[in-house]
Engineer: 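One structure follows; several queries about it will come next.
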Amino acid sequence: MKKIIVTIDGWSSCGKSTLAKQLASRLGYIYVDSGAMYRAITLFFLRNHVDWTETAQVEQALQDISLEFVPNEKSGQSEIFLNGENVEYVIRDLVVAEKVSEVAAIKEVRSFAVAQQQQMGLQKGIVMDGRDIGTVVFPDAELKIFMTADNAVRVERRFKELYEKNPNVTLEEVKSNLEMRDYIDSHREVSPLRQAEDAVVLDNTRLTESEQFRQALHLVEAAVAGKKGK
């Protein structure tokens, strides 16, 4: 069976990573969490007090960053390493979440990440999720999925995820963070979040994870067979 590139774009907290991981696991594809790459870069900037409004500082800092996805032997899932350190869980902190959209909007940062992402996809057989994967990173991908969900549902999902790690987080904080990220992601000058013209919209507001997975798997099978699947 031929291998293809599957891109999954969409708003924050729509379950893009969950679906991408499930598809990659079922298909035997490589999963790349592009959001984790931007979070790891943000973490590096925060730790090293990089002023990301200064282009020279950003360019210098990027030269000191090495990103790698390493499979976890127990879970089988890929986890991101920043300069040899596993930061998969550190980057999920709200402090990083509050700054990642600002960092990801920087032209030099996006060029750095996109170049690495495109290199990863040369052999195909890859599932990648993010904001601009189907529009900028892999505009010729065989299957592009754009995920969306009702805002209230997204906030509730994100709150549950963060509450497990930080019981002090409030629903209002999560709502404010999500709204801010949505605005920055969709209004940034470089590679704004938008639906590719040939993307298939997957609204999972009322779908279970298994229902969502079955729909997406059907789309993949259709794409591999050379059909539109819409």
Engineer: Donor-acceptor pair, Lys144 side chain versus Pro139 backbone, under 3.5 Å?
Structural biologist: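 Yes, the answer is positive, given that a donor and an acceptor are paired below the 3.5 Å cut-off.
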Engineer: To check you understand the geometry: which heavy-atom pair defines the closest contact between Gln212 and Gly15, and what is its length?
Structural biologist: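 Residues Gln212 and Gly15, closest heavy atoms: NE2-O, 4.2 Å.
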Engineer: Regarding Asp129 and Ser17, do their side chains bring together a donor and an acceptor under 3.5 Å, going by distance alone?
Structural biologist: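 The criterion, which ignores hydrogens and geometry beyond distance, is satisfied for Ser17 and Asp129.
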Engineer: Hey, what do you get for NZ (Lys99) to OG1 (Thr42), rounding to the nearest 0.5 Å?
Structural biologist: 10.5 Å
Engineer: Using salt bridge (charged side-chain N to carboxylate O under 4.0 Å, His left out) as the criterion, list what pairs up with Asp185, not counting sequence neighbours.
Structural biologist: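 With sequence neighbours excluded, Asp185 shows a salt bridge (charged side-chain N to carboxylate O under 4.0 Å, His left out) to Arg131, Arg188, given in chain and number order.
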Engineer: Any pair with a residue in residues 147-179 that passes ring pair (Phe, Tyr, Trp, His ring centres under 6.0 Å), sequence neighbours left out, goes on the list, sorted by first then second residue, please.
Structural biologist: Phe159-Tyr163
Engineer: Taking all heavy atoms of Ala149 and all of Thr205, pick out the closest pair and write down the distance.
Structural biologist: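 Heavy atoms of Ala149 and Thr205 come nearest at CA-OG1, 3.2 Å.
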Engineer: To the nearest 0.5 Å, tell me how far Ile41 CD1 sits from Trp52 CH2.
Structural biologist: 12.0 Å
Engineer: Would you confirm whether Asn86, through its side chain, and Phe81, through its main-chain N or O, come within 3.5 Å as a donor-acceptor pair?
Structural biologist: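 Checking the backbone N and O of Phe81 against the side chain of Asn86, no donor-acceptor pair under 3.5 Å is found.
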Engineer: What closest approach, in Å, do Tyr29 and Ile4 show between heavy atoms, and which atom pair accounts for it?
Structural biologist: OH-N, 3.1 Å
Engineer: Under a 4.5 Å side-chain heavy-atom rule over Ile, Leu, Val, Met, Phe, Trp and Tyr, are Ile65 and Ile91 clustered together?
Structural biologist: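 Yes, it is one cluster - the side chains of Ile65 and Ile91 are joined through contacts under 4.5 Å.
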Engineer: How long is the span from the CG atom in Asn166 to the CG atom in Asp93, to the nearest 0.5 Å?
Structural biologist: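 The CG atom of Asn166 sits 7.5 Å away from the CG atom of Asp93.
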Engineer: In terms of hydrophobic clustering (I, L, V, M, F, W, Y; side-chain heavy atoms under 4.5 Å; direct or indirect links), are Met180 and Leu178 co-clustered?
Structural biologist: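 Not linked; separate clusters.
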Engineer: Look up atom CD in Glu142 and atom CG in Asp198, then write down how far apart they are to the nearest 0.5 Å.
Structural biologist: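 Answer for the CD-CG pair, Glu142 versus Asp198, is 11.0 Å.
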Engineer: Applying salt bridge (charged side-chain N to carboxylate O under 4.0 Å, His left out), name anything that partners Lys16, two or more places apart in sequence or on another chain.
Structural biologist: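 Salt bridge (charged side-chain N to carboxylate O under 4.0 Å, His left out) check on Lys16 returns nothing, list empty.
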Engineer: So, Asp150 side chain and Ala152 main chain: donor-acceptor pair closer than 3.5 Å or not?
Structural biologist: yes
Engineer: Check the hydrophobic clustering (I, L, V, M, F, W, Y; side-chain heavy atoms under 4.5 Å; chains of links allowed) and say if Leu67 and Ile30 are grouped together.
Structural biologist: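 Linked, Leu67 and Ile30 end up in one cluster.
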Engineer: Which atom names give the shortest non-hydrogen contact between Asp51 and Gln57, and what distance separates them?
Structural biologist: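 Result for this residue pair: N-OE1, 2.9 Å.
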Engineer: Side chains of Ser186 and Trp11, heavy atoms from C-beta outward: is any pair under 4.5 Å?
Structural biologist: yes
Engineer: Say you draw a straight line from CG of Asn204 to CE of Met147; how long is it, rounded to the nearest 0.5 Å?
Structural biologist: 4.5 Å
Engineer: If you define the side chain from C-beta out and look only at heavy atoms, does anything of Leu217 sit under 4.5 Å from Leu27?
Structural biologist: yes
Engineer: If you look at every heavy atom in Val90 and Arg47, which pair is closest and at what distance?
Structural biologist: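 Heavy atoms only, the tightest pair is CG1-NH2, 4.2 Å.
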Engineer: Let me check something: do Phe45 and Met37 share a hydrophobic cluster, defined by ILVMFWY side-chain heavy atoms less than 4.5 Å apart, either directly or through other members?
Structural biologist: yes
Engineer: If we ignore angles and hydrogens, is there a donor and acceptor under 3.5 Å between the side chains of Glu98 and Asn177?
Structural biologist: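 There is no such pair between these side chains.
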Engineer: Do you know which of Ile8, Thr7, Val6 makes side-chain contact (heavy atoms from CB on, under 4.5 Å) with Ile133?
Structural biologist: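 Only one option passes, and that is Thr7.
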Engineer: Starting from the C-alpha separation in whole Å, work towards a yes-or-no answer on side-chain contact (heavy atoms from CB on, under 4.5 Å) for Val58 and Glu54.
Structural biologist: CA-CA 6 Å; Val58 169; Glu54 295 290 333; over 6 Å; no
Engineer: Looking at side-chain heavy atoms only, is the closest gap between Asp9 and Ile145 below 4.5 Å?
Structural biologist: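 No - every pair of side-chain heavy atoms lies 4.5 Å or more apart.
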Engineer: Distance-only, no hydrogens or angles: does the His218 side chain make a donor-acceptor pair with backbone N or O of Arg214 under 3.5 Å?
Structural biologist: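 Such a contact is absent between His218 side chain and Arg214 backbone.
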Engineer: I'd like to check the salt bridge (charged side-chain N to carboxylate O under 4.0 Å, His left out) partners of Glu173; sequence neighbours left out, ordered by chain and number.
Structural biologist: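 Applying salt bridge (charged side-chain N to carboxylate O under 4.0 Å, His left out) to Glu173 gives none.
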Engineer: Quick check: do Glu79 and Val70 have side-chain heavy atoms less than 4.5 Å from each other?
Structural biologist: no
Engineer: Show every donor-acceptor pair shorter than 3.5 Å between a side-chain atom in residues 106-118 and any protein atom, with sequence neighbours excluded, or say none if there are none.
Structural biologist:
| residue | atom | partner | partner atom | Å |
| --- | --- | --- | --- | --- |
| Arg110 | NE | Asp132 | OD2 | 3.4 |
| Arg110 | NH1 | Ala104 | O | 2.6 |
| Arg110 | NH2 | Tyr38 | OH | 3.3 |
| Arg110 | NH2 | Asp132 | OD1 | 3.1 |
| Arg110 | NH2 | Asp132 | OD2 | 2.9 |
| Ser111 | OG | Lys107 | O | 3.1 |
| Gln118 | NE2 | Val137 | O | 3.2 |

Engineer: Would Leu219 and Gln215 satisfy side-chain contact (heavy atoms from CB on, under 4.5 Å), going step by step from the backbone distance to the final call?
Structural biologist: CA-CA 6 Å; Leu219 293 172; Gln215 285 193 23; 5.7 Å; no
Engineer: Over all heavy atoms of both residues, which pair between Asp64 and Asn83 is shortest? Give the atoms and the distance, please.
Structural biologist: O-ND2, 3.1 Å
Engineer: List in chain and number order the residues that pass salt bridge (charged side-chain N to carboxylate O under 4.0 Å, His left out) with Arg154, two or more places apart in sequence or in another chain; answer none if no residue qualifies.
Structural biologist: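 Partners of Arg154 under the salt bridge (charged side-chain N to carboxylate O under 4.0 Å, His left out) test: Asp182.
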Engineer: Can you tell me how far the NZ atom of Lys3 sits from the NZ atom of Lys124, to the nearest 0.5 Å?
Structural biologist: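 Reported to 0.5 Å precision, the distance equals 12.0 Å.
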Engineer: After noting the C-alpha distance and the side-chain angles of Glu156 and Leu171, does the key distance pass the side-chain contact (heavy atoms from CB on, under 4.5 Å) rule?
Structural biologist: CA-CA 8 Å; Glu156 185 63 31; Leu171 194 65; 4.2 Å; yes
Engineer: Walk me through whether Thr148 and Leu202 qualify under side-chain contact (heavy atoms from CB on, under 4.5 Å).
Structural biologist: CA-CA 6 Å; Thr148 186; Leu202 181 54; over 6 Å; no
Engineer: Given the rule that I, L, V, M, F, W and Y join up when any side-chain heavy atoms are under 4.5 Å apart, are Ile80 and Val127 in one cluster?
Structural biologist: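 Hydrophobic grouping puts Ile80 apart from Val127.
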Engineer: Charged N to carboxylate O under 4.0 angstrom, Lys175 versus Glu179?
Structural biologist: yes
